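These notes concern the structure reproduced below.
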Amino acid sequence: MAIKFSEDLVPLTDLKTNPGRVVKHTTEVHRPVLLTNRGRGVAVVQSVSDYEKAEEERVFMRAVVAGLADLEAGHEFSLDEARIRLGLK
């Protein structure tokens, strides 16, 4: 989901004059659009579905990192212990 600078940089004035085009672009290409003001990035526009997917991936990766840190610290449970803690048979 890398930004293609040749396609995904949009000046704020373009957003003001044609916001529908910018939103349509984000949903079609599944990349965020970087909004600029006087040549500097000021905001990012992204489709809701792409944002939700990216957020789910971030949450998952944080859980993986936390799990690996727990393993390194020696905080681990057997499968049977995990089942008991989770109330599974």
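Keep in mind that what you see is a predicted model, and the values were worked out from it rather than measured. Just so you know, these numbers use all the heavy atoms, side chains as well, and skip hydrogens, waters and symmetry mates.
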Between Arg58 and Glu55, is the salt bridge (charged side-chain N to carboxylate O under 4.0 Å, His left out) condition met? List the steps. CA-CA 5 Å; Arg58 282 188 290 272; Glu55 186 59 25; 2.9 Å; yes
Before giving the answer on side-chain contact (heavy atoms from CB on, under 4.5 Å), spell out for Asp8 and His25 the whole-Å C-alpha distance, their side-chain angles and the decisive distance to 0.1 Å. CA-CA 8 Å; Asp8 302 334; His25 177 75; 2.7 Å; yes
Verdict with supporting geometry, Thr26 and Gln46, side-chain contact (heavy atoms from CB on, under 4.5 Å): CA-CA 6 Å; Thr26 63; Gln46 184 176 29; 5.8 Å; no
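Atom CD of Glu28 and atom OG of Ser47 lie 11.0 Å apart (nearest 0.5 Å).
Residue Val10 comes nearest to Leu15 through the heavy atom pair CG1-N, 4.1 Å, listed as atom of the first residue, atom of the second, then distance. Ala43 approaches Leu34 most closely through the heavy-atom pair O-CD1, 3.4 Å.
Annotation: side chain of Val44 is not in contact with side chain of Leu35 (no heavy-atom distance under 4.5 Å). By the 4.5 Å heavy-atom criterion applied to side chains, Glu7 and Arg31 are counted as neighbours. Within the 4.5 Å cutoff, the side chain of Lys4 has no heavy atoms near those of the Leu9 side chain.
Neither Val33 nor Tyr51 shares a network with the other; the hydrophobic side chains, linked directly or stepwise wherever heavy atoms of I, L, V, M, F, W or Y lie under 4.5 Å apart, form separate groups for each.
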With a cut-off of 3.5 Å and sequence neighbours excluded, list every side-chain donor-acceptor pair involving residues 66-78.
residue, atom, partner, partner atom, Å
Ser78, OG, Glu81, N, 3.1
Ser78, OG, Glu81, OE1, 3.4

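Among pairs with a residue in residues 9-23, none fulfils side chain to side chain donor-acceptor pair (under 3.5 Å), at least two apart in sequence or across chains.
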